[in-house]
2 protein chains.
Amino acid sequence: MTRSALTREQVLDAAAALVRRHGPDALTMRGLAAELGTAVTSIYWHVGNRESLLDALVARTVAELGAIRPRGATPAERIVSVAQALRRELRARPHLVALVHERGLTERMFLPAQRVLVREVHAAGLRGAQAAGVVRAVQFHVVGHVLVERNRERAPAQSPGERDLWAARTAAESADGDPALARALARPVDTDRLFVRSVRALVSGLLDSGDGAVRAGPYSQ
Amino acid sequence: MTRSALTREQVLDAAAALVRRHGPDALTMRGLAAELGTAVTSIYWHVGNRESLLDALVARTVAELGAIRPRGATPAERIVSVAQALRRELRARPHLVALVHERGLTERMFLPAQRVLVREVHAAGLRGAQAAGVVRAVQFHVVGHVLVERNRERAPAQSPGERDLWAARTAAESADGDPALARALARPVDTDRLFVRSVRALVSGLLDSGDGAVRAGPYSQ
DNA sequence: ACCTGAACACCGTTCAAGT
DNA sequence: ACCTGAACACCGTTCAAGT
């Protein structure tokens with residue numbers, strides 16, 4: 001199947017396919033060479049080394065995160081819809097996004113969405129540094145949520161996990177005399193619902209007062 | 001310096017010291033053996049293999065995350081203070097916490113704080129499933145924020161980064177005719193301030209309406 | 001300009017053998 | 001019960017040599 005000269009694109013394609021299917025650990029230079037039917041050293045000629053190969057894959061993934069269109073009637077709704085769209089995109093490429101995370105470029109990947117958010121925050125009547133603060137708060141919240149979700153999905157069976165902890169006999173005390181709460185915390189998290197709820201609460205809190213409605217106490221910086 | 005029989009604790013201590021100083025990658029079985037003045041294979045007898053060694057270190061770290069005392073006058077303030085304390089603890093052990101993250105146990109580490117939060121949410125007048133939702137939203141937000149921060153700290157010089165993007169000549173258009181916003185987004189993020197602000201906004205949004213004040217539009221699940 | 005095999009310096013892990 | 005050296009099967013990378 002080695003019809004002509006090997007190209008950099010072919011190397012990247014094969015590497016991306018390997019990562020997509022079996023994760024980054026499955027990407028070994030020797031395995032990749034075998035897949036391509038060439039000597040290991042040919043790959044080095046085309047992509048330098050393993051690190052820059054991964055760099056290239058990450059760059060591709062960041063570029064793929066494309067246009068995001070807001071939906072909804074009010075600015076708040078539209079901001080929430082942007083957050084949801086971004087979460088969906090990130091979750092559609094688990095392994096490659098994990099690579100992006102590892103290299104600390106998740107934030108970079110979010111940059112195009114910032115522009116969209118700016119427009120909506122303006123529409124909500126905020127401007128300047130205050131508007132920038134809202135954009136960043138939303139950005140951190142969405143990226144953070146996605147990171148937490150990945151974290152949970154990767155987590156093995158946890159002992160004791162929330163389930164055991166809140167279902168235990170001592171749960172009544174822990175739950176501060178609120179069995180319904182203990183039951184709720186013993187159930188697995190519905191991350192879809194939680195995401196929508198918390199984004200709505202955050203956006204609402206940010207747009208209502210600009211600075212958050214909790215009074216600054218003696219411990220506020 | 002090899003005075004008596006090697007113990008499991010000694011192995012764990014040496015491994016933890018290595019990770020603390022130079023990160024998890026610096027922890028090789030051969031290097032650890034050299035540090036301890038024993039044969040590589042002795043380590044295997046005591047801790048099984050590298051994976052379970054890391055498991056043990058992670059378990060230690062999770063256990064170390066100790067008691068968190070809320071401070072402040074109102075429940076909202078006290079919830080914010082818990083969030084700040086947790087963030088501080090996590091950021092004090094970057095390498096070990098990174099290991100905890102990699103193994104997907106960040107959430108597990110947060111469990112003790114859940115109990116504290118429950119009490120405060122109760123004090124704020126919420127109960128049952130609604131209170132549980134607030135606890136989880138705060139938890140996700142804090143953990144997410146810390147993950148994003150780690151992500152940013154690991155990130156190399158980004159090109160184009162926020163700086164370049166928003167300081168560019170085209171920023172006027174991107175910023176939707178708001179140069180003050182463009183300047184604000186070109187500045188580096190003050191994560192301390194951002195954290196306090198967003199936690200306050202989130203808590204305020206959650207406690208005010210329980211469900212977030214943004215009206216459910218046609219796209220809400 | 002592109003590809004190659006051989007070699008180097010690492011890994012984690014296993015095993016049979018010691019005391 | 002605890003420790004050992006030798007060996008195995010992997011790595012990523014370099015280098016001198018080919019065409």
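The sequence lines fix the lettering, A, B, ..., with proteins before strands; numbering per chain opens at 1.
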Has the side chain of Arg93(B) got a donor or acceptor atom that lies under 3.5 Å from a matching backbone atom of Glu89(B)? yes
Without swapping roles, check the side chain of His46(A) against the backbone of Leu6(A) for a donor-acceptor pair under 3.5 Å. yes
Closest-nucleotide mapping onto DNA chain C: is Trp45(A) or Arg30(A) further toward the 5' terminus? I mean the 5' end. Trp45(A)
[X] [atom1] to [N] [atom2]: how many Å, rounded?
{"X": "Asp55(A)", "N": "dG12(D)", "atom1": "CG", "atom2": "P", "answer": "15 Å"}
{"X": "Ile43(B)", "N": "dT14(C)", "atom1": "CD1", "atom2": "C1'", "answer": "15 Å"}
{"X": "Leu36(A)", "N": "dC2(C)", "atom1": "CG", "atom2": "C1'", "answer": "15 Å"}
{"X": "Leu18(B)", "N": "dC11(C)", "atom1": "CG", "atom2": "P", "answer": "12 Å"}
{"X": "Asn49(A)", "N": "dT13(D)", "atom1": "CG", "atom2": "P", "answer": "5 Å"}
{"X": "Tyr44(B)", "N": "dA17(C)", "atom1": "OH", "atom2": "P", "answer": "21 Å"}
{"X": "Met29(B)", "N": "dT4(D)", "atom1": "CE", "atom2": "P", "answer": "14 Å"}
{"X": "Arg50(B)", "N": "dC10(D)", "atom1": "CZ", "atom2": "P", "answer": "19 Å"}

Contact class for Thr28(A) vs. all strands (heavy atom < 4.0 Å): base, sugar-phosphate, or nothing? sugar-phosphate
Derivation of the salt bridge (charged side-chain N to carboxylate O under 4.0 Å, His left out) call for Arg88(A) and Asp192(A): CA-CA 10 Å; Arg88(A) 214 181 305 121; Asp192(A) 290 342; over 6 Å; no
If we ignore angles and hydrogens, is there a donor and acceptor under 3.5 Å between the side chains of His101(B) and Asn151(A)? no
Which nucleotide in the set dT13(C), dT14(C), dG5(C) lies at the smallest distance from any side-chain heavy atom of Thr41(B)? dT14(C)
Which of the following nucleotides, dC3(D), dT13(D), dC3(C), is nearest to the side chain of Ser42(B)? dC3(D)
Within the structure, does a side-chain N or O atom of His46(A) lie under 4.0 Å from either OP1 or OP2 of dC3(C)? yes
Out of Arg115(A), Glu120(A), His122(A), which one pairs with Val118(A) under the side-chain contact (heavy atoms from CB on, under 4.5 Å) rule? His122(A)
In Watson-Crick or G-U wobble terms, both distances under 3.5 Å, what is the partner of dA16(D)? dT4(C)
